[in-house]
> 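I am attaching a structure below and will ask some questions about it afterwards.
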Amino acid sequence: MEAITLNGVSKDFGSGTSYVKVLHDINFKAQTGEVDLVIGPSGSGKSTFLTIAGGLQSPSSGEVLINGSPFTSETRRQQEAIRLSKIGFVLQTYSLVPYLTVQDQFKLVDIFVKKNHIEKERFNQILKDLQIDNLMTKYPSQLSGGQNQRVAIARAIYPDPEIILADEPTAALDTARVKEVGKIMANFAHEKGKAIVIVTHDQRLSEFADHQYEILDGRMRPV
Amino acid sequence: MFLAVKEMQHEKFRYGLIIAMIVLIGYLIYVLTSLAIGLARQNTLAIDSWEPKTVLMNRDANISLDQSILQKDDVGHLNKSQALIGQMAVIAKESNRQNESARFIGLSKSQFIYQELKTTSGHLPTKTNQIVVDDKFKDDGYRLKDRVVLNSDNTKFQIVGFLHDQRLNVAPVIYGSLSTWKALKGYRGNQIIGSAVMNKAGSPTYKHKAVKKYTKSQLVNKLPGYSAQNMTFGFMIGFLMAISLVVIAVFLYILTMQKLPNYAVLRAQGIPSSMLVKATVYQSLLIVVIGLVISGVITWGTGKLLPLGVPIYFDIPVLLAVSAGLIIISVLAALIPVRRIITIDPVTVIGG
Ligand SMILES: Nc1ncnc2c1ncn2[C@@H]1O[C@H](COP(=O)(O)OP(=O)(O)O)[C@@H](O)[C@H]1O
Ligand SMILES: [Mg+2]
């Protein structure tokens, strides 16, 4: 099933001399049960692409579909509801709420997402695999960049979303941990039928992707 | 709630400072209000204790107890809910004590004001040379059985009882007989009978057109200096409230603006903006209520520590109204940046 579809999405910012076109006519599909990797250098439009796909900003033209139904044209409230229940975001920076301990980051999900979360054993295993199970009482500011990223990944997986959108989730990780994250993402997609889109400049994730795309100066093509 | 409380727990210092500021503002407002009310009450305590609905006074007296004179024919027979008073300013002297500026009020034993007086020690006067006085006399060293001279009259009056909260125009009240009042005033004959008639019940009848009926508040507002004083304090407290509210509003605004990145993260996670608004309002509510409770406790402690002579009165309904005003306005202040919260663009914190 097509979890996310982008049809002819373009994005520009500013006007006159400050006008920039960041995305050019992007057509993209993410299937459930698959990991899609979008690789591109810094400034190529990866974050813009991902935030548009997840409804954090709207395209200048074109449309986004979630599970085949229009997302772009929904009201903000409906977009929020969809984002809350169906999409897990791993942002490039600042994914965690600064004043919540790691365990409270998950508790926040308990409070706001009123549906079944990921099974306990699986989740505990993920915490162990990500080596963050001993950090539960720490605040984000007490964690290293890599630890922050791994907690953000666990947090995104925790509500058992249908779609995970991850922006440079491995930027601060060493190779062993990159492989761990890649494995977790791939398992989550394949075993539980999730659609996972990762944008990154990190080639080390290639081996875990079902499809790869390259993005350069706002233009995307399959690899 | 979860978000509001967790954030305050994590940012203890920052929220502690803001609560401390609210405590100080609340303390200032509470103490000032209580002092103003305490002082205002000192003008009217005696009249309040009589609980008159209306007052009969000389039409030409400009509603001044000092100026009003009633003649025998003016009022006619008084019923059970009416009491005649003869009021005048006096200086009480006793050789071993300090002189006391006071208000003498002559009463008739058969009327309700006398009958409802309650002494804190001693008893009510039964003879014309006996008086009962406000506790202020006791604070200033006067004792039961002290014999005092009023003005430059030669007669000595014995203090036979003390009363609590009997003040008129800030001065302590001395209760004695109507004949004493007449003697001190130098009135002879039996034409002049007193200054005013207090009516406890509805609308009394009176005979003469020289008399006019006034309400209690008309009487009170004409007490020398009373209205001016209340207006001054009213404006002081009003300005203080207004300025405090602006200060609180600015602080809450800055607080919310500083937290915008946090809101953006929450929004990116899909937490509905209505929840963020609720958390913000709940948090300001919490801050202000905690602050005001603390200032209430400190104010109460201050009241206990103040020397006896300082008039402070905790008028709970008024203080609650003031608190409610502060709370409501603070919540509104916290709502000013709500548009920013609702429209915050999560992308602003994501970075390239
Ligand atoms: N709000 C914006 N206003 C103007 N330019 C922007 C804005 N957001 C992104 N850009 C520009 O778009 C380009 C792509 O940014 P981004 O999507 O963050 O790239 P990446 O994530 O691949 O590093 C950059 O040149 C960036 O400066
Ligand atoms: Mg980026």
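All chains are named by letter (A, B, ...) in the order of the sequence lines, taking the proteins before the strands, and each is independently numbered beginning at 1.
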> Minimum heavy-atom separation for F112(A) to P272(B), with atom names?
CD2-CD, 4.3 Å
> Chain B contacts: which residues in residues 132-139 of chain A have a non-hydrogen atom closer than 4.5 Å to it?
Y139(A)
> Among pairs that include at least one residue of residues 313-339 of chain B, which meet salt bridge (Lys or Arg N to Asp or Glu O under 4.0 Å), considering only residues two or more places apart or in two chains?
none
> Non-hydrogen atoms of chain A under 4.5 Å away: do they reach the side chain of L266(B), the backbone, both or neither?
side chain
> Is it true that atom CG of D174(A) has more than 12 heavy atoms of other residues, nucleotides or ligands lying nearer than 6.0 Å?
yes
> Of all the residues in residues 3-17 of chain B, which have a heavy atom that comes within less than 4.5 Å of a heavy atom in chain A?
L3(B), K6(B), E7(B), H10(B)
> Just by modelled atom types, is the E80(A) backbone N or O under 3.5 Å from a matching donor or acceptor in the R267(B) side chain?
no
> Is it true that, when you exclude Y19(A) itself, more than 12 heavy atoms of the residues, nucleotides or ligands shown sit nearer than 6.0 Å to its OH?
yes
> Quick test of your reading: applying ring pair (Phe, Tyr, Trp, His ring centres under 6.0 Å), list the pairs with at least one residue in residues 306-327 of chain B, sequence neighbours left out, ordered by first then second residue.
none
> How close do Q269(B) and L84(A) get, counting heavy atoms only, and between which atoms?
O-CD1, 3.8 Å
> L100(A) versus chain B, heavy atoms under 4.5 Å apart: side chain, backbone, both or neither?
side chain
> If I compare all heavy atoms of L91(A) with all of A268(B), which pair ends up nearest, and what's the gap?
CD1-CB, 3.7 Å
> Kindly check if the number of other-residue, nucleotide or ligand heavy atoms within 6.0 Å of OH (Y213(A)) is above 12?
yes
